[in-house]
Amino acid sequence: MSDYKSAIVTGSSRGIGAVTAQLLAEQGLGVVINYRSKAPRANKIVAAIEDKGGRAVAVGADLTSAEGPAALVDAAVENYGSLDVLVLNASGGMETNMGENYALRLNRDAQLAMLQAALPKLSEGGRVVFVTSHQAHFINEVSTMDAYDAVAKSKRAGEDALREMIPQLAEKNISLVVVSGDMIEGTITATLLNRMEPGAIDARREAAGKLYSVEEFGAEVAKMVFAEVESGHTELVGGAGDFLKASGQ
């Protein structure tokens, strides 16, 4: 068991976020489950956690709105008395109905706003985990599929903005860890990309040797909440060899 008492996991009503939240609850953390519009799905995750003796609360919050991040922070403090962990998992940008610059608003601006809202309440020695993809993490050195380019660039911009806050986080001994994964089998993004560019998943699987499932990658994200690593550490999950080679690392 860790010393951490509570965590916010953004975008946790399904997929990687839901897996991560459930694993953190199993470690004894009270978890804030965040959803944008699908309350029944979020409530199902809360019920699954409570069935196992864990603690969770579902909070509807659009991270791109002015009040969304604050609502999540308030929920953590009100329900669990503290905020110790922030997992920035929510991302998107391939939607076609969310207005102009949505990828940048969600993947950069909202990530920064979430951390800035959380920082005054984050406990001394807390941890922030930012979830990204190899395609985004390495986008400045390695090009990606046209369909994913804007998302990748916006996620990298988000990562850079968060990294700029490392000195500020250090004042409270809060560490930032970046978890980067390859295409994840079964995610909406991977499915959409494969639909737009047939064979994309098979090509990545061949290049990487293996693609992680949602459950496997969620477990890696949860693990990095507790890992003893330096602030600013990047955990590359899955085959990043071709990215490292192409970027000259």
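Residues: numbered from 1 along the sequence shown. These figures come from a predicted structure and were not determined experimentally.
The heavy-atom pair separating A58 from A42 by the smallest distance is CB-CB, 3.9 Å. P69 and A113 get closest at one heavy-atom pair: CB-O, 4.0 Å. Taking every heavy atom of both residues into account, I184 and A190 meet most closely at O-CB, 3.4 Å. Here the closest non-hydrogen pair linking A21 and S12 is CB-CB, 4.3 Å. Taking each heavy atom of A117 and P120 in turn, the nearest pair found is O-CD, 3.4 Å. V85 approaches L122 most closely through the heavy-atom pair N-CD2, 4.1 Å.
For H134 (side chain) and V237 (main-chain N/O), a donor-acceptor pair under 3.5 Å exists by modelled atom type. A distance-only check finds no donor-acceptor pair linking the side chain of E26 to the backbone of I49 [under 3.5 Å]. Judged by distance alone, the side chain of R127 and the main-chain N or O of M224 form a donor-acceptor pair under 3.5 Å. With D62 contributing its side chain and G68 its backbone, the two residues share no donor-acceptor pair below 3.5 Å. K155 contributes a side-chain N or O that, together with a main-chain N or O of V131, makes up a donor-acceptor pair within less than 3.5 Å. The backbone N or O of S82 sits nowhere less than 3.5 Å from a side-chain atom of K5 that would complete a donor-acceptor pair. At distances below 3.5 Å, at least one donor-acceptor pair connects side-chain atoms of S133 with backbone N or O atoms of A136.
No more than 12 heavy-atom neighbours from other residues, nucleotides or ligands sit within 6.0 angstrom of CD on E206. Annotation: D146, atom CG; neighbour count of heavy atoms from other residues, nucleotides and ligands within 6.0 Å does not exceed 12. Other residues, nucleotides and ligands place no more than 12 heavy atoms under 6.0 Å from the NZ atom of K38.
The side-chain heavy atoms of L115 and L169, taken from C-beta on, include a pair separated by under 4.5 Å. Inter-residue side-chain proximity for N89 and V221 is flagged as unmet; no heavy-atom pair is nearer than 4.5 Å. Residues T132 and V178 meet the side-chain proximity criterion, which asks for heavy atoms closer than 4.5 Å. For the pair V31 and I45, the minimum side-chain heavy-atom distance is 4.5 Å or more. In this structure, the side chains of F243 and S180 stay at 4.5 Å or more apart for every pair of heavy atoms. Counting heavy atoms from C-beta outward, D182 and F217 have side chains that stay 4.5 Å or more apart. No side-chain heavy atom of R41 sits under 4.5 Å from any side-chain heavy atom of Y35.
Residues D202 and R205 are paired through a salt bridge, judged by an N-O separation under 4.0 Å between the basic side chain and the carboxylate.
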Practice problem: Would you please test E159 and R163 for salt bridge (Lys or Arg N to Asp or Glu O under 4.0 Å) and show each step? | Solution: CA-CA 6 Å; E159 180 182 335; R163 287 185 182 279; 2.9 Å; yes

Quiz item: Can you check side-chain contact (heavy atoms from CB on, under 4.5 Å) on E50 and R55, steps first, answer last?
Solution: CA-CA 6 Å; E50 290 178 341; R55 295 168 302 146; over 6 Å; no

Quiz item: For L236 and H137, what are the C-alpha separation, side-chain angles and deciding distance, and is it a side-chain contact (heavy atoms from CB on, under 4.5 Å)?
Solution: CA-CA 10 Å; L236 299 173; H137 180 68; 4.2 Å; yes

Quiz item: Could you go step by step and tell me if L244 and F138 meet the side-chain contact (heavy atoms from CB on, under 4.5 Å) rule?
Solution: CA-CA 8 Å; L244 291 164; F138 291 101; 3.8 Å; yes

Quiz prompt | Check against side chain to side chain donor-acceptor pair (under 3.5 Å), T10 and N34 | solution = CA-CA 5 Å; T10 65; N34 160 235; 4.9 Å; no

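Separating the CE atom in M165 from the OG atom in S231 is a distance of 11.0 Å, to the nearest 0.5 Å. Here the CD1-CD distance, from I16 to E220, works out to 11.5 Å after rounding to the nearest 0.5 Å. Atoms CG and CZ, from N101 and R108 in turn, are 8.5 Å apart once rounded to the nearest 0.5 Å. For the atom pair L24 CG and L29 CG, the distance stands at 5.5 Å (nearest 0.5 Å). Taking CE from M114 and CD1 from I8, the interatomic distance works out to 4.0 Å, rounded to the nearest 0.5 Å. Taken from CD in Q22 to CD in E215, the straight-line distance is 9.5 Å, to the nearest 0.5 Å.
Applying the side chain to side chain donor-acceptor pair (under 3.5 Å) rule to E235 yields the partners H233; only residues at least two apart in sequence or on another chain are considered. The side chain to side chain contact (heavy atoms under 4.5 Å, CB included) check on A110 picks up L63, T64, L106, with sequence neighbours excluded.
Clustering ILVMFWY residues whenever any of their side-chain heavy atoms sit less than 4.5 angstrom apart, transitively, puts Y80 in the very cluster that holds I174. I139 and L104 are not part of a single hydrophobic cluster, where members link through side-chain heavy atoms under 4.5 Å apart.
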